[in-house]
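Everything on this sheet refers to the single structure shown next.
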Amino acid sequence: MMSDYALQQAFNALSVGGEYALLALGLAIVFSVMHLVNFAHGDMITVGGYAMFLLIMFGVRDPFLVLPFGVLVTVLAALLIERVAFKPVRGASPTTGMLTAFGVSIIIQNVALIFGGSRPKAVPTADWLASSLSIGSVQIPVVQVLETIVTLAAIIGLVALMRYTTVGLAMRAAAKDVPVVRLMGVKADRVILSAFAISGFLAGLAGIFILARRGAVDPFMGFAPVLKAFVAAVLGGFGSLPGAVVGGFALGIAEVALQVLLPPEIAGFRDAFVFLLIGIVLVFRPQGILGERPDFGEKS
Amino acid sequence: MSNFLQSVRGALILGVAVGVIGVLALLFAEPFYQRIVFIFMVNLIAVIGLQVFMGNADITNYGHISFMGIAAYAVAILATPAAIKKTSLATAPFGLGTIEVALPIAILIALALTVLIAFLVGTMLVRQSGTPASIATLALLVIVHVVIMNWVDLTRGPRAIYGIPVKATLGMATICAILAIVAARLFRDSSWGLQLRAASENIAAASAMGVRIKRLRLVAWVVSAAICGVAGILFALFVGTISPKSFYFDLTFLTLAMLVVGGAYSVSGAVLGSIVVTFGFEIMRYLENGPQIVGLKLPTMFGLTGIFLGAIIVLCMILRPRGLVGDDEIDEIWRRRSKNRERSEISANASGAAQ
Amino acid sequence: MKIKPLLLNSMIAVAISGAPASAEDQLVIGYAAAVTGSLAPYDSPAGVTCRVEQINEAGGILGKPVKLIIRDTKSDAVTASNVGQELLDQGANVILGPPTDDGLIPIAQLALPKGIPVLSVGATQPAFPVASPENGYLVPFGDNASAAGAAEVAYKAGHRKAILMIANDVGAYSAITPEYFGKAFEKLGGKIVGRVNYHHGLADYNTQVAEIRNNAEKPDMIFAAILVPDAGVLVRTINAAGLDIPVYGTDGFDDPSFIEVAGAGAGLATFVTHGYPSEGSPLKAFYDDCTKRGHNPQNIFFGLGGEAVEVVKAAIESANSFDPPAINAAIKNIENLKGITTGSITYKDRGGVPLKEMTVMHAKDGKVLPVETVRPSWVAAP
Amino acid sequence: MLSLSNVHVSYGPIKAVRDVSIEVKEGEIVALLGPNGAGKTSLISSVVGIAPIASGRIAFDGHEISREPTEAIVARGLTLTPEGRRVFADLTVGENLRLGAASRRDKAGIAEDLEKYLELFPILRKRYASRARMLSGGEQQMLAIARSLMSRPKMLMLDEPSLGLAPRIVDQIFELLSSLRSQGLTMLIVEQNANEALSLANSAYVVASGSLVFSGTASALKASGEVMEMYLGLEGQE
């Protein structure tokens, strides 16, 4: 009985971790290329969510149309935001970038508020998505299975992209030395747009699962996930892609473990423990689990 | 003129401006606008507190509002009349549910507690710089919020603490704001402030100065927290009811926007940014209520203030990333301008003479 | 250059708002509403506006038209107290307030010197009238009452072992209401077999559901004072996990999005709420008329908005005066007033929390429908 | 092929290069010499658009490139092997080389060049799958040069190719450069190590404190004892 329970919670940890990993990867890929902490990342999910909501409102219910459309809009939103807000502050200090991202986030939330209202809008999802598979005496929701599979597929795809395509190589290289990447004849613009497109794509994927679980959109739905993704990225080592994955799963496991192990009287403090963990990591290992120690000699 | 006097004079220019706003509101404004001005003063104090750390150490700080929260909660828990606490905080630990502390003592304890916590957090925090340090301050904000939310016996958790004596007046807030301005300006121009700013501009210099910079950062951090604590105490003693939501992301972003719009690197920037954003906010709030302008009925657009806040941050980052005021205090800019004018006049005269 | 007309206009606005309407000759309702922000679903400017329109069309109150001023609190407590003062400055003789006590209590404090009553349209926290006994009122029933109502319904349905779902990060509603339920449930003879913590936001309830499944003592029901969309997600997740444990709740479930989010899990939910627009009910009539007027009744808080105006109207008519203290005193004496959402409202000797009939709702075949009404016999102290 | 006329480079208030004019003809090797901090790196960085030029004109292959972005200049066939090698340490040798060809679309040509340079730099073939950080300094310099060559440049600029390398390795590098010359590659070599550079170069320029102090043929420079001694710390051949 106990082992079933442990198995069940392990699976929960895996799928929650997968979602954090997807989001953290999106943050990390943008950070690695342009040292931007993109707090508006979660709001891309909001944009994609509302896009799906609108499409469904117009009567399109086929998930094979709705879901790709949502991802597409998320990608376009990411690209648009890069053009409008982040391009002008390219090369500025990380602080400027981070504050710009917060500004963008506030704008998107309030535009959604004006045009969508503050009430959550239901986005009906197919019932099979809400069903669950029985494996022995363990019940595993279909969403979780899909999420874990898609997360793994996305990670494998991303690894392939980063390893075998020129733009992937350029992104990895740009994480360390943008001027030299340009010396290879690679357009810096293209690298950055690619990074945003990928981060938008990952946000779109994560957004689908967030939506499948909560079944509704609201203007502020992106904030809590991005905060978690942020934690995951910091844990793993900001800007490190493997770090983002490890950090995402570590956070998912830590959260579920705390939820399960903490007595209910102090379970509410869970997030305090999580952020305390961040503080400790930052003090004793500022580069995160997999990040590298910032080496001033390397670049200048 | 000595540097000290110059700093004081610079601070007084700003102080007078703020004082005028306060006095005008006291004399002429209706109660509602007096409230707006009071909250402006509280925000201004928090922004100045934020500036002391962010402007001098050049580390974006998301944690300053948590000190406002700590001080506000401390004063609320101590100074609320025991009769009210009997219904609201009956189960408070350490016997806090039954004692009632005289207000001045409560304020002192609240400030001392804020400084103590800031010191403890600071010793950890100053070991970081740049983005990791910013992230640590963000973590602080979340942790303090979660603790207030969940330590139900002490704080009533998500429920509001009410019945806090409403003792703060606009006059008090104005005086506190002016004192905060003077303190921040003196700190900025002190040798500590100078060293900190020099270090944040030059990494090599910073590492050369090593340990000392960490200690100075800690000083700036604690001073910053103390000023924010004053803002929190005024807040609690004015509104009379506080809840954890008041000290979270909304206020953090608002005050941060005020600072970066004005310019984080000077006290003048903090003051100017607070004024600009508050004024802009009130105009937006008026517009979003769907007013009648010259016979034209505008639609109600709730959410405008939010867009304004976001837009002003983004625009400012794009157009003037170092804020409206920039790196120097207003009086310094004026002095330099007049010097330049003198110099160009002299050179114009000289070239005229040469011809 | 564009800023100039703006400034000018705001000056004019200041000047206009500086001339308060005389409070003696007309009802001025100031409504500090959570128009935007997280609390917006639990306030209803539209419902209040509609009822005021209806009243004015029918000749006003005591022959005078009602003036309504609405200001957004942005779901923020300080803004709430600020706009509360703004509304007082503009001559409001009655204030309707936002749905949380941290916004309401300061407004009531500001309104107290003039004896102006403050009524919450959406807040169900009994702590508000407790903190503001002279002039603070709820229009809905209190959370302690609705939790007691839910406990009676659950007990009557044969449930004896309950798990409480508790969240501390959204407000008193989700943290304290379950405890009210627990007290009432145990008083009836039931047992609380466990408490499970959850967090709003990410909306993943699988961990919590697994905890429920693994609880040492098997529960036969769950109680959650949970808001939408999470309310829907919770039952949906329970259902998806193949658990068949009914979920009881209160008015947080009462939003049209619930049924869509909940999907196949909706059938697990039973909740107590303020009323339902059944055919022929006053609420239905109110909704229909307001829809015709171009308003959109989003949820039950629309009806409560109308009801808040109704309470004020009744008080003024019985006091035959627009004088705030007289209105305040009259509210305290309201007995068996016929409401919009409910058959009768009594404030007399209730300490600001009205005694009302509650409607029990249950989802079936994709629709949430009323099954019975309940009036709890024992209610936990706030 | 490359001509700089009256180029000024400044970083804010600091003027790094003042009024420098340089001419590189096709097929030629030009040495740009001068003491540490003379502004050599600023100058050639400005040619490829990495450092901002304050005024002056730079033309390559008959096109004005002073305002073009780096990647466009590289696409025209002018590239730079930067000082300190700056290979991508986390990428493998192979990945570094592939990235060098990022501006090209001709797959067959890329494969052909790759084979050619692996032939020319046998050590790179041996370390093909290792991360670049595992390579020694000399190997990294070879990788950096090969990486630049992968873009099939018409002209290559090298910034201090011998910096920090053991004399034996320096010889190897210059041997390599000499074999590249025999293939007709135009080069501009920035060096502190004047003797090695002059042994290879047709003509030479010397900068000191941001200004040009000598221009002429390599042999003329060698003959000018004064310049050699004053700016390069070397004995001239009288």
Side-chain angles (χ1 to χ4, degrees), chain A residues 31 35 37 40 84-89 92-115 117-118 219 223 227 230-231 233-234 238 265-284 286-288 294 296 300, chain B residues 54 58-60 62 121 123-125 127-147 149-152 157-158 203-204 207 249 252-253 256-257 259-260 264 288 299 301-319 321-322:
Chain A
F31 183 84
H35 291 260
V37 180
V84 175
F86 294 135
K87 194 176 181 194
V89 299
S93 72
T95 303
T96 306
M98 192 166 10
L99 289 170
T100 308
F102 270 122
V104 169
S105 168
I106 295 172
I107 293 176
I108 294 177
Q109 287 169 7
N110 283 282
V111 169
L113 192 65
I114 287 186
F115 294 103
S118 56
F223 190 70
L227 208 58
F230 183 70
V231 172
V234 172
F238 225 119
E265 304 85 62
I266 57 166
F269 287 98
R270 189 188 76 185
D271 281 0
F273 287 112
V274 167
F275 278 86
L276 200 62
L277 186 66
I278 292 276
I280 293 167
V281 166
L282 284 170
V283 168
F284 294 104
Q287 71 274 34
F296 291 109
S300 54
Chain B
M54 207 168 133
D58 202 17
I59 292 170
T60 309
Y62 299 99
V121 174
T123 49
M124 291 283 135
L125 187 106
R127 298 169 59 159
Q128 310 299 317
S129 53
T131 306
S134 297
I135 295 167
T137 62
L138 189 72
L140 172 70
L141 178 68
V142 175
I143 291 171
V144 169
H145 181 76
V146 171
V147 168
M149 275 291 217
N150 287 282
W151 198 347
V152 177
I203 295 172
S207 46
F249 280 106
T252 302
F253 287 147
L256 208 53
L259 184 61
V260 298
E288 75 179 3
M301 295 237 283
F302 293 106
L304 259 189
T305 48
I307 293 183
F308 167 76
L309 189 65
I312 199 168
I313 296 178
V314 172
L315 283 178
C316 188
M317 286 300 114
I318 291 174
L319 302 174
R322 294 185 82 83

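Throughout, a chain's letter reflects where its sequence line sits, starting with A, and its residues are numbered from 1. From a predicted model like this one, the values you see are computed outputs, not experimental measurements. Below, each value reflects all heavy atoms present in this structure, side chains not excepted, and no hydrogens, waters or symmetry copies.
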Kindly write out the residues that satisfy side chain to side chain contact (heavy atoms under 4.5 Å, CB included) with A/I107, not counting sequence neighbours, or none if the list is empty.
A/V111, B/A311, B/V314
Which residue out of B/M124, B/H145, B/Q128 racks up the most heavy-atom pairs below 4.5 Å with chain A?
B/Q128
Counting only heavy atoms closer than 4.5 Å, note whether B/L256 contacts chain A via side chain, backbone, both or neither.
side chain
Under 4.5 Å from any heavy atom of chain B, what part of A/V104 do you find: side chain, backbone, both or neither?
both
Would you give the length of the straight line joining atom CD1 of B/I307 to atom CG of A/N110, rounded to the nearest 0.5 angstrom?
5.5 Å
Chain A contacts, top residue of B/I59, B/I313, B/V142 (heavy-atom pairs, under 4.5 Å)
B/V142
Minimum-distance pair of heavy atoms, taken over all atoms of A/P88 and B/I318:
CB-CG2, 3.5 Å
Does a side-chain heavy-atom distance below 4.5 Å link B/L138 with A/L227?
yes
Top contributor to chain B contacts, counting heavy-atom pairs under 4.5 Å, from A/L99, A/V84, A/T95:
A/L99
Just wondering, do A/M98 and B/Y62 contact through their side chains at under 4.5 Å, heavy atoms?
yes
For A/I278 and B/A139, the nearest pair of non-hydrogen atoms, with its separation, is CG2-CB, 4.3 Å
Could I get the full list of side chain to side chain contact (heavy atoms under 4.5 Å, CB included) partners for B/I312, not counting sequence neighbours?
B/V261, B/V276, B/V277, B/F308
Under 4.5 Å from any heavy atom of chain B, what part of A/F230 do you find: side chain, backbone, both or neither?
side chain
Shortest non-hydrogen contact from A/T96 to B/M317?
CG2-SD, 3.4 Å
Is it the side chain or the backbone of A/F238 that comes within 4.5 Å of chain B heavy atoms, both, or neither?
side chain
Under 4.5 Å from any heavy atom of chain B - which part of A/A92:
neither
Minimal non-hydrogen separation, B/W151 against A/F269, with atom names
N-CZ, 3.8 Å
A/I106 vs B/F253 side-chain heavy atoms within contact, under 4.5 Å
yes
